[in-house]
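In what follows, a structure is listed as structure tokens, so that the remarks can point back to it.
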Amino acid sequence: MELITTRIKGMEDVVPSEVHKWQTVESVAADVAENYGFREIRIPTFENTELFVRSVGETTDVVQKEMFTVMGRESKFTLRPEGTAGTIRAVLQNGLLNEALPQKVFYILSCFRHEKPQAGRLWEFHQFGAEMAGSASPAADAEMISMANSVIEKLGLKDIELHINSIGCPHCRAEYYKKLREFFEPNKDKLCPTCQSRLEKNPMRILDCKSEICKEIGKDAPLMIDYLCDECKEHFETLKKYLDEMGIKYSIDPKIVRGLDYYTKTVFEFITTSIGAQGTVCGGGRYDGLIEEMGGNPTPALGFAMGLERLIMTMEKQGCEFISPRECDIYIGSMGDAAGIKAASLVKALRDEGYRAEWDVMGRGVKAQMKYANKIGSAFSMILGDNELAEGKAKLKNMKSGEETEIALDSSFIDNFANIHTADMLASEL
Ligand code: ATP
Ligand code: MG
């Protein structure tokens with residue numbers, strides 16, 4: 001039975017009483033993205049495994065350890081571990097780069113990574129992400145960082161630090177890789193087996209390894225930022241000027257290398273200390289080589305992704321406000337068959353006008369019906385019986401104040417209810 005009644009570790013349900021938190025984050029993120037001129041894109045949940053191996057990089061933890069790969073009838077597919085690869089694939093396949101540039105898209109989707117489940121680290125998690133293709137200018141980097149920053153501000157989050165770094169381009173990285181290999185060579189045998197094989201192929205990945213030994217050995221490793229070529233250096237300097245001018249605070253963290261291979265030049269993270277060890281709420285950067293690597297015309301691009309679970313956890317910790325769940329506007333109780341039918345028709349008319357209205361579908365007595373109306377926190381209630389039907393009017397009760405108003409059950413009902421409801425809303429806002 002346990003297999004049926006217990007959800008898989010690392011996966012989460014969102015119960016109805018929590019869903020408004022998700023709606024808050026999703027609507028704020030989409031709003032801000034649209035203000036910045038981004039359009040929503042929706043992509044498939046799984047793709048050919050090769051897409052992720054090629055774009056995320058075969059020496060990354062994501063590809064080597066964290067992918068969920070499923071067997072189709074003939075080939076292997078992988079549940080997306082992140083949103084960029086699939087989004088860029090879709091941008092290319094649908095010819096979006098032939099439209100006006102820069103091409104700007106955003107997405108809200110689930111991702112899958114086989115990691116050790118813990119607070120803020122799940123097998124299935126959700127990202128809000130955005131990608132911009134076509135601009136090589138640091139202005140685009142400033143634009144992306146500013147947008148992520150706006151989402152964080154609009155959610156009401158405090159004390160989120162922005163860390164930025166530059167990890168150069170293939171041109172200046174060659175020299176740096178040489179220095180890194182020299183640095184690690186004397187301790188080569190002590191590195192974890194994964195990093196031993198990374199030393200030749202992609203030594204910068206060692207700096208992102210989670211193993212304590214590799215972290216210790218890499219502590220004083222040379223930093224990419226000290227080896228930037230003139231172009232990368234200038235790009236980074238100009239970005240800093242934009243951020244200064246826009247009043248966006250940041251610190252330079254030469255240790256950020258990011259967990260995905262496609263990054264070049266600017267990389268950044270937004271970090272909070274409110275939720276413990278898994279404090280990176282957003283990660284992003286420039287990936288000028290990715291589109292060409294995926295078979296498109298060489299096109300500079302960049303993006304970021306935020307973890308929605310971590311954002312919500314931080315909002316809860318910091319007491320940020322969420323949009324309120326929608327409550328019931330009116331409950332129409334009834335006694336007897338004829339009154340039940342009248343209640344059903346009034347409720348239908350109210351719903352058609354956009355009210356959340358409810359009536360008894362349980363066959364309960366009036367007392368139990370009112371108990372239910374209380375439980376669901378209905379703003380108003382009304383009870384219909386033979387008397388009310390005969391007289392064509394009933395008492396509309398304000399459930400909070402207890403105040404009762406007589407209301408006609410004829411065609412004026414909706415308008416009259418609307419007036420009373422609006423007056424009550426205005427009064428409670430004062
Ligand atoms: P971390 O260093 O925490 O593993 P990452 O560098 O692997 O993060 P990215 O690939 O940059 O993460 O993904 C962007 C964001 O998605 C992260 O900043 C984080 O908020 C969220 N995220 C990543 N992996 C998970 C996960 N397993 N569970 C929940 N959220 C995650
Ligand atoms: Mg990770």
Side-chain angles (χ1 to χ4, degrees), residues 8-14 21-22 25-26 29 52 55-57 59-68 78-88 106-131 144-145 147-149 151-152 155 157 160-165 167 194 204-211 214-215 253 255-264 266-287 290 302-317:
I8 298 167
K9 217 173 151 188
M11 318 287 270
E12 280 185 347
D13 304 308
V14 180
K21 297 179 180 172
W22 287 82
V25 176
E26 288 163 6
F52 300 113
S55 57
V56 173
T59 56
T60 60
D61 272 357
V62 170
V63 166
Q64 290 186 330
K65 302 173 183 167
E66 299 171 2
M67 292 201 306
F68 281 95
T78 294
L79 303 186
R80 57 184 174 221
E82 50 91 67
T84 302
T87 299
I88 294 302
F106 78 92
Y107 51 80
I108 295 172
L109 44 69
S110 54
C111 298
F112 304 84
R113 294 188 194 176
H114 203 299
E115 303 189 75
K116 189 165 165 247
Q118 52 198 291
R121 198 175 286 291
L122 299 159
W123 279 8
E124 179 178 20
F125 62 99
H126 297 78
Q127 286 188 341
F128 157 68
E131 318 290 346
M144 285 318 269
I145 291 175
M147 175 164 139
N149 191 61
V151 171
I152 286 166
L155 292 174
L157 292 165
I160 309 269
E161 285 180 18
L162 165 62
H163 293 198
I164 62 171
N165 188 25
I167 56 170
T194 321
M204 199 158 68
R205 280 271 72 83
I206 303 173
L207 303 177
D208 197 38
C209 183
K210 302 221 160 69
S211 123
C214 299
K215 271 192 207 158
D253 180 353
K255 297 242 169 193
I256 300 182
V257 295
R258 311 279 308 120
L260 315 167
D261 267 357
Y262 46 63
Y263 288 111
T264 51
T266 313
V267 287
F268 58 91
E269 292 182 347
F270 286 85
I271 302 168
T272 172
T273 49
S274 300
I275 53 169
Q278 267 46 263
T280 309
V281 291
C282 174
R286 182 169 272 287
Y287 47 85
L290 181 64
L302 70 168
F304 69 74
M306 296 186 177
L308 301 193
E309 283 81 1
R310 292 186 197 178
L311 282 178
I312 292 172
M313 277 165 69
T314 315
M315 288 176 74
E316 288 171 338
K317 266 277 156 57

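Both ligands and their constituent atoms are indexed starting at 1 by order of listing. Every heavy atom of this structure was used, including side-chain atoms; hydrogens, water molecules and symmetry mates were not.
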Query raised in the report: Can L157 and L311 be said to form a side-chain contact (heavy atoms from CB on, under 4.5 Å), step by step?
Result: CA-CA 9 Å; L157 292 165; L311 282 178; 3.7 Å; yes
Query raised in the report: V281 and M313: side-chain contact (heavy atoms from CB on, under 4.5 Å), yes or no, with the steps?
Result: CA-CA 10 Å; V281 291; M313 277 165 69; over 6 Å; no
Report task. Let me see the working for Q278 and Q118 under side chain to side chain donor-acceptor pair (under 3.5 Å), right down to the final yes or no. Result -> CA-CA 9 Å; Q278 267 46 263; Q118 52 198 291; 3.1 Å; yes
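Going from atom OG1 of T87 over to atom CD of E131 covers 5.5 Å, rounded to the nearest 0.5 Å. Interatomic distance, SG of C282 versus CG of L162, reported as 9.0 Å (0.5 Å rounding). In this structure, CG on L290 lies 10.0 Å from CG on L260, to the nearest 0.5 angstrom.
The protein heavy atom nearest to atom 30 (N) of ligand 1 is F125 CD1, 3.4 Å. The protein heavy atom nearest to atom 17 (C) of ligand 1 is T280 O, 3.8 Å. Given atom 28 (N) of ligand 1, the protein heavy atom at minimum distance is L122 N, 2.9 Å.
Near G307, with a cut-off below 4.0 Å to any heavy atom, the atoms of ligand 1 are 15 (C), 16 (O), 20 (O), 21 (C). In the vicinity of A305, heavy-atom distances shorter than 4.0 Å reach the ligand 1 atoms 14 (C), 15 (C). When each atom of ligand 1 is checked for a heavy atom of G120 under 4.0 Å away, the hits are 28 (N), 29 (C), 30 (N). Near V281, the atoms of ligand 1 lying under 4.0 angstrom from a non-hydrogen atom of the residue are 18 (O), 20 (O). Against a heavy-atom cut-off of under 4.0 Å, C282 is close to the following atoms of ligand 1: 18 (O).
When non-hydrogen atoms are compared, ligand 1 lies under 4.0 Å from neither the backbone nor the side chain of D61. Under 4.0 angstrom from ligand 1, there are no non-hydrogen atoms of Q278. With a 4.0 Å cut-off on non-hydrogen atoms, C111 does not touch ligand 1 at all.
Between M306 and A148, the shortest heavy-atom contact is CE-O, 3.4 Å.
At least one heavy atom of R121 sits less than 4.0 Å from an atom of ligand 1. For R258, the closest heavy-atom approach to ligand 1 falls below 4.0 Å.
Ring orientation note: the planes of W123 and H114 are tilted relative to one another, at an angle of 30° to 60°. Below 30°, between 30° and 60°, or above 60°: for W22 and H126 the angle between ring planes is above 60°, a perpendicular geometry.
By heavy-atom distance, the residue among M313, R310, E115, H114 lying nearest atom 3 (O) of ligand 1 is R310. Counting heavy atoms only, Q127 comes closest to atom 13 (O) of ligand 1 of the residues E82, Q127, E66. For atom 5 (P) of ligand 1, the nearest non-hydrogen atom from the set E12, K210, R113, E309 comes from R113.
No more than 12 heavy atoms of other residues, nucleotides or ligands sit less than 6.0 Å from atom NZ of K317.
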